[in-house]
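Quick note: residue numbers are just sequence positions, from 1.
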Amino acid sequence: MTRQRGGRGNAGPFPGERDSHCMHHEQRWGDSRVRQRILVFMPGTSPKPTRYRLADAPRQHDPVTASWTPVALIQLQKQLGLADYPDKVLALSTEAVYEKRDELRADFVIDGHEIPVEFVRIKDGRNVEELREMIEALLSNVPDHADLVIDITHGFRGGPLVFSLAVQYLSLVNPSVAVKEMYYGMFREATPDNPEETSVIVSMAPYLDMLDWVYAMRVFRDTLVPTRLLEKIRASAKSAGEADGSFAELVQSLELFSAAIEAALPIEMAETAVRLRSTLALGLPKQLQDIPLGDKLFHALDEVAAEFVPPGDQVPAELNDAELRRQAKIIDKLLEHGRTVQAVGLMHEWCTLKVLRHNSPRLHMWRDREEQARANTLRTRGKWAKQELKRAVEEIRDMRHPLHHYAQQETNEINLEDLQDGVRRIWSQIKAEAEHDSHWKIRDKPASVKDRPMHTLGDYVPASVKPKKRR
C-alpha cells in the first residue's frame, strides 16, 4: 500500500522516516528472530579526513584514515578481529547532511563491502520541541532485537548527547534492544610540524556501565525488586573473572533479603537485612571494586537494608513496642512500593500481635502458634474498648481473605478502584490508635455468658492445659 504525499514532490521522506533507498533491506532486517548489529551516529556537515587508532586495542595496530569516526571504527575493529561489519548504519541526518547523503553512503563502502545506510531525518535541535522530535525519530526507527553501537563524535550542538541518552531509554522500554558499545573520537588535527598526528577512538564503556549501575540500584531502591541489580552484579563478576567467597556471600545475602521482602516475612526481613549489612560492611568484593565510587553506590543498598533492621540487630525474645513499630514501618514500606496484598496480610498479623502485646502475660511466647491463636480469638470475639478500632481491624481481616485467595471465589468482592486508597485509609486509622494502649485492651467476658470465648489470652493458662467441658 502506497501512502500519498501530496504537495511534497521530490522532497524525500518526512522527518524521522526511513529513506526509501533502503527499503529493499526491510525483509531481512524486519525479521525479529535475528539480532542485528546496528551502528548509530549523527553526521556533521564538515567531515575532515583524519588518522584514527583505537585507544584500548588489544594489540598494536596501524591507524586508518577516514572522514567519519564510525568508518574508522569499523575498519579498525575488522582489522583487529574484534567485530565484523555491522548489518546497517542509522544516520541521524539534518537537512544539510541529508543533501550530501550520496557522499556519506559512499564512505560506508569499505574494502568493497557496502554497508547499508539508513537516513533518519531530524531537525537541528534548536529548541525543546525539535529535540523531542529528534528523540521520537530515532526511537521509532530502531528495530526490535538490535545490538546498538553508538558513536557520539559528530553531530550538531548537543545532538549526540541527546540521542545517546535516547537509545539508553529505548533499551529500557524495549528489552530486545541493547546498547552494546559506545565510542567517541578525540580529534587531533595534523599540522605541518606533525603531519602524522593520530586521533584516538575511546570506548565510552565506563559511561554505559555507570548508567546501568545507577538504573539497577534505583530500581531496587524504589521497588525492592532485585532482579536487575543481581543481573548486573553477576555480569560484573563474570567479566572480572572467577567469583570468590565474598562475592558469593554478597549475592546470597541480597537474594535472601529480597526473598524475605517478596514473601513479606518481617522476622526474616530483619535477619537477612542484618546479614546483608554485615556483608557490605566488609567492603566490596574485588570483582566490583572497579565501579566508579562503588562504595558510595552500594551505600544506597545498605540504606535500604537498614530500614528493616531491629534495635540492637536482634528480633526481641519478648514482644515489645519497638518491634511493633518496626513492623509497622515495614507495612508502610510495602504500601509505598505498591505491594498492597503483602501489606494487607502483614497488617492482619500486626493487629493480632498488637492485641497479644496488650492482653497476654506471656509476651515471651509471642511467636508461639497457639498463643497467637488465642490472641486472634480474643480479637474477634472479645469486647473492645473502642468499637471504631475493632471495625477497622475487622475490615483488614475481611479484605485479607479475598486478596490472599486471589479473589477466585464467587463470593470474593474487591473494589480495585479503591483498593490502595482504601487500604491506606484503614491503616492510617489503625496506626492513629497504636500509641493508645487502653484502646487495645479487650475484655474476654461478653455480656452473655453463653457467648464467652473459651481459652483466650484472658484465661492466663498454659497452652497445654485443655479447658473443661461445659455441662
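- By the 4.5 Å heavy-atom criterion applied to side chains, R397 and H401 are not counted as neighbours.
- A heavy-atom distance below 4.5 Å is not found between the side chains of P285 and E249.
- Here the shortest heavy-atom pairing between L346 and A264 reads CD1-O, 4.4 Å.
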Stepwise, does the side-chain contact (heavy atoms from CB on, under 4.5 Å) test hold for E262 with Q342?
CA-CA 8 Å; E262 191 65 33; Q342 294 162 313; 4.2 Å; yes
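- Put simply, the side chain of R35 gets close to the backbone of A146: a donor and an acceptor are under 3.5 Å apart.
- For D332 and K431, the salt-bridge test passes: some basic side-chain N is under 4.0 Å from an acidic carboxylate O.
- Within the model, atoms CG of L229 and CZ of R218 stand 13.5 Å from one another, a figure rounded to the nearest 0.5 Å.
- Across all non-hydrogen atoms, the minimal contact from P43 to V97 is O-CG2, 3.5 Å.
- Under the 3.5 Å distance criterion, the side-chain polar atoms of K354 are matched with a main-chain donor or acceptor of A434.
- Listed for the R326 side chain is a donor-acceptor partner under 3.5 Å among the backbone atoms of P266.
- Counting heavy atoms from C-beta outward, V128 and L131 have side chains that stay 4.5 Å or more apart.
- Atom CD of Q314 is surrounded by 12 or fewer heavy atoms from other residues, nucleotides or ligands within 6.0 Å.
- Proximity of R339 to V225: side-chain heavy atoms (C-beta onward) are separated by under 4.5 Å at one or more points.
- Side chain of H154 to backbone of T69: a donor-acceptor contact under 3.5 angstrom is found.
- Of all heavy-atom pairs between D87 and P116, the closest is O-CD, 3.5 Å.
- No donor-acceptor pair under 3.5 Å is formed between the side chain of W213 and the backbone N or O of I233.
- Looking at heavy atoms from C-beta onward, L170 lies out of side-chain contact with L138 at the 4.5 angstrom threshold.
- Here the closest heavy-atom approach between residue I261 and residue M269 is recorded as CA-CE, 3.8 Å.
- Using a 4.0 Å cut-off between a side-chain N of Lys or Arg and a carboxylate O of Asp or Glu, E181 and R37 qualify as a salt bridge.
- Looking at every heavy atom in both residues, Y52 comes nearest to A72 through CD1-CB, 3.4 Å.
- Under the 4.5 Å side-chain criterion, counting only non-hydrogen atoms from C-beta, I38 is in contact with P143.
- Of the possible donor and acceptor atoms, one in the side chain of W350 sits under 3.5 Å from a partner among the backbone N and O of L324.
- Closest approach of H404 to V341, counting heavy atoms only: NE2-O, 3.4 Å.
- Between the side chain of H337 and the backbone N or O of D222, at least one donor-acceptor pair lies under 3.5 Å.
- Taking the charged nitrogens against the carboxylate oxygens, R325 and E435 do have a contact shorter than 4.0 Å, which makes a salt bridge.
- Ionic pairing of D209 and K232 is present here: one or more N-O contacts between side-chain nitrogen and carboxylate oxygen are shorter than 4.0 angstrom.
- In this structure, T153 contributes its side chain and D151 its backbone to no donor-acceptor pair below 3.5 Å.
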Which is it for Q36 and K88 under the side-chain contact (heavy atoms from CB on, under 4.5 Å) test, yes or no, and what are the steps along the way?
CA-CA 8 Å; Q36 306 167 62; K88 69 172 176 178; 4.1 Å; yes
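- Side-chain atoms of N174 and V142, non-hydrogen and from C-beta on, never get closer than 4.5 Å to each other.
- Residue D56 holds its CG atom at 11.0 Å from CD1 of I201, rounded to the nearest 0.5 Å.
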Does the side chain to side chain donor-acceptor pair (under 3.5 Å) test come out yes or no for S253 and T279, once each step is laid out?
CA-CA 8 Å; S253 297; T279 302; 3.2 Å; yes
Mind running side-chain contact (heavy atoms from CB on, under 4.5 Å) on L54 and L73 for me, showing each step along the way?
CA-CA 8 Å; L54 284 180; L73 175 66; 3.9 Å; yes
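- Both the sub-6.0 Å distance and the 45° axial angle are satisfied by R101 relative to the ring of Y98.
- Partner of F108 under the ring pair (Phe, Tyr, Trp, His ring centres under 6.0 Å) criterion, out of F119, F41, W68: F41 alone.
- Between the side chain of R424 and the backbone N or O of L335 there is at least one donor-acceptor pair closer than 3.5 Å.
- One distance of note links CZ of R357 with CG of N320; it measures 6.5 Å at 0.5 Å rounding.
- Here CG of L284 is found 14.0 Å from NZ of K286. Values are rounded to the nearest 0.5 Å.
- Under 4.0 Å is where a charged nitrogen must lie from a carboxylate oxygen, and between D102 and R105 at least one such pair does.
- Proximity of V179 to M204: side-chain heavy atoms (C-beta onward) are nowhere separated by under 4.5 Å.
- For the pair K78 and Y85, the cation sits on the ring face: its NZ or CZ lies under 6.0 Å from the ring centre, inside 45° of the axis.
- The distance from atom CD of E318 to atom CG of L363, rounded to the nearest 0.5 Å, is 5.0 Å.
- Among the candidates V71, I115, D107, the single residue satisfying the side chain to side chain contact (heavy atoms under 4.5 Å, CB included) test with V89 is I115.
- Atom CG of D290 sits about 10.0 Å away from atom CD of Q287, to the nearest 0.5 Å.
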Given the rule in the side-chain contact (heavy atoms from CB on, under 4.5 Å) test, do L211 and V214 qualify, once you have shown the distances and angles that lead to the verdict?
CA-CA 5 Å; L211 289 179; V214 169; 5.7 Å; no
